[in-house]
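Keep in mind that what you see is a predicted model, and the values were worked out from it rather than measured. Along the sequence shown, residues are numbered consecutively beginning with 1.
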Amino acid sequence: ATDTLIRFGLRTGDEITEATLQKLSHAEEILAAKNAALRYLAVRPRSEREIRDALRDKEFSDQVAAETIASLKESRLLDDAAFARSYIRNAIVLKPSGRVLLRQKLLLLGVERSLAEEALDEVLEKGTELDEAEKAARGFAAKKTRARSQGPEFRKKLTAYLLRRGYSWEIVRQAAKKALEDDKGGGDEF
């Protein structure tokens, strides 16, 4: 509150008009919204929509939320493109996932489709997604030693596992075939 008074050049004894009081109130609300947003961003990077939703949950007006978001973007503390790239990198490290699932998660977090696609193209280099899928398939196969002897049933389970991880059908087909070849020393046709 003192910072706001100093910013407005007010001193003890100054008369405050209704217009000045409204400006002071608005400035205090913006400051409170920024502080709430910064506390939310301190936990982990967030998308613009996540910040907007958090500010709405705290009952800030849409105008205050928009001004706060604009200020955070200007300060480069809020950037959906950087958020998307960071999210993809972290998701891949924690739990290898395919392009389809990562896109879906980014869209649910409020990242625009075009930004999500750019980030996916930038982070997921050609061949990387297939390598990750093959690694996941080998890990799945290693855990399911009894199921491997069942043949077609194992292939179904492996395929479903990789599809749930968000890999495209083409990637799943190649990764499963490679995992089966590694397991048997030569694979069945997939």
Side-chain angles (χ1 to χ4, degrees), residues 1-126 128-129 132-133 136 162-169 171:
T2 306
D3 294 342
T4 304
L5 294 175
I6 292 171
R7 248 191 355 241
F8 278 84
L10 296 174
R11 292 181 281 253
T12 305
D14 285 352
E15 191 172 315
I16 300 176
T17 65
E18 184 65 32
T20 305
L21 189 58
Q22 285 179 349
K23 287 180 184 176
L24 284 170
S25 175
H26 184 72
E28 281 295 308
E29 193 173 6
I30 293 290
L31 183 61
K34 264 189 200 174
N35 286 334
L38 289 172
R39 281 191 304 275
Y40 198 54
L41 281 168
V43 175
R44 69 167 174 82
R46 307 283 180 164
S47 71
E48 185 177 322
R49 187 170 89 195
E50 287 180 291
I51 295 294
R52 182 174 287 111
D53 290 347
L55 292 175
R56 280 185 185 147
D57 288 347
K58 294 198 175 284
E59 299 183 4
F60 288 104
S61 70
D62 288 344
Q63 179 187 355
V64 169
E67 288 180 44
T68 302
I69 288 169
S71 174
L72 292 172
K73 287 170 83 172
E74 186 178 310
S75 303
R76 300 181 65 135
L77 294 171
L78 190 60
D79 179 354
D80 276 0
F83 167 76
R85 289 188 301 271
S86 173
Y87 183 87
I88 293 166
R89 284 186 199 105
N90 289 336
I92 290 171
V93 168
L94 295 175
K95 182 177 179 181
S97 302
R99 184 179 203 83
V100 174
L101 183 62
L102 292 170
R103 180 186 312 110
Q104 180 183 20
K105 286 182 176 183
L106 286 170
L107 293 175
L108 288 173
L109 289 169
V111 176
E112 290 180 26
R113 183 175 293 277
S114 61
L115 290 176
E117 289 298 333
E118 285 176 27
L120 286 164
D121 289 342
E122 185 178 322
V123 176
L124 296 178
E125 300 169 7
K126 296 287 185 209
T128 303
E129 190 175 12
E132 291 296 325
L162 293 172
L163 287 171
R164 281 192 309 272
R165 285 282 181 105
Y167 295 106
S168 69
W169 174 247
I171 297 281

Which heavy-atom pair separates [X] from [Y] by the least distance, and what is that distance?
{"X": "Leu101", "Y": "Gly166", "value": "CB-CA, 3.5 Å"}
{"X": "Ala136", "Y": "Leu162", "value": "CB-CD2, 4.1 Å"}
{"X": "Leu55", "Y": "Ala36", "value": "CD2-CB, 4.2 Å"}
{"X": "Phe83", "Y": "Arg44", "value": "CE1-NH1, 3.7 Å"}
{"X": "Tyr40", "Y": "Ile51", "value": "CD2-CD1, 3.6 Å"}

List, one per line, each side-chain donor-acceptor pair under 3.5 Å for residues 59-67, sequence neighbours excluded.
unit_1	atom_1	unit_2	atom_2	d
Ser61	OG	Val64	N	3.1
Asp62	OD1	Arg56	NE	3.0
Gln63	NE2	Glu67	OE2	3.0
Glu67	OE1	His26	NE2	3.0
Glu67	OE2	His26	NE2	3.1

Has [X] got a side-chain atom pairing as donor or acceptor with [Y]'s backbone, closer than 3.5 angstrom?
{"X": "Arg85", "Y": "Glu122", "value": "no"}
{"X": "Ser47", "Y": "Leu109", "value": "yes"}
{"X": "Arg165", "Y": "Pro96", "value": "yes"}

Open item on the list: I need the full list of side chain to side chain donor-acceptor pair (under 3.5 Å) pairs touching residues 94-108, with sequence neighbours left out, sorted by first then second residue.
Closed with: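 Checked against side chain to side chain donor-acceptor pair (under 3.5 Å) - neighbours excluded - the pairs reaching residues 94-108 are Arg99-Asp121, Arg103-Glu117.
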
Open item on the list: Listing request: all side chain to side chain donor-acceptor pair (under 3.5 Å) pairs with a residue in residues 74-83, at least two apart in sequence or in separate chains.
Closed with: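 Matches after skipping sequence neighbours: none remain.
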
So, using salt bridge (charged side-chain N to carboxylate O under 4.0 Å, His left out) as the criterion, who are the partners of [X] when residues are at least two apart?
{"X": "Arg164", "value": "none"}
{"X": "Glu118", "value": "none"}
{"X": "Arg52", "value": "Glu48"}

Open item on the list: Let me confirm one number: the NZ-CG distance from Lys34 to Leu77, rounded to the nearest 0.5 Å.
Closed with: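 Reported to 0.5 Å precision, the distance equals 9.5 Å.
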
Task: CG-CZ distance between Leu107 and Arg49, expressed to the nearest 0.5 angstrom - done: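 Interatomic distance, Leu107 CG to Arg49 CZ, rounded to 0.5 Å: 9.0 Å.
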
Tell me, do [X] and [Y] make a side-chain contact under 4.5 Å, heavy atoms counted?
{"X": "Leu72", "Y": "Leu38", "answer": "yes"}
{"X": "Ile92", "Y": "Leu102", "answer": "yes"}
{"X": "Leu106", "Y": "Leu115", "answer": "no"}

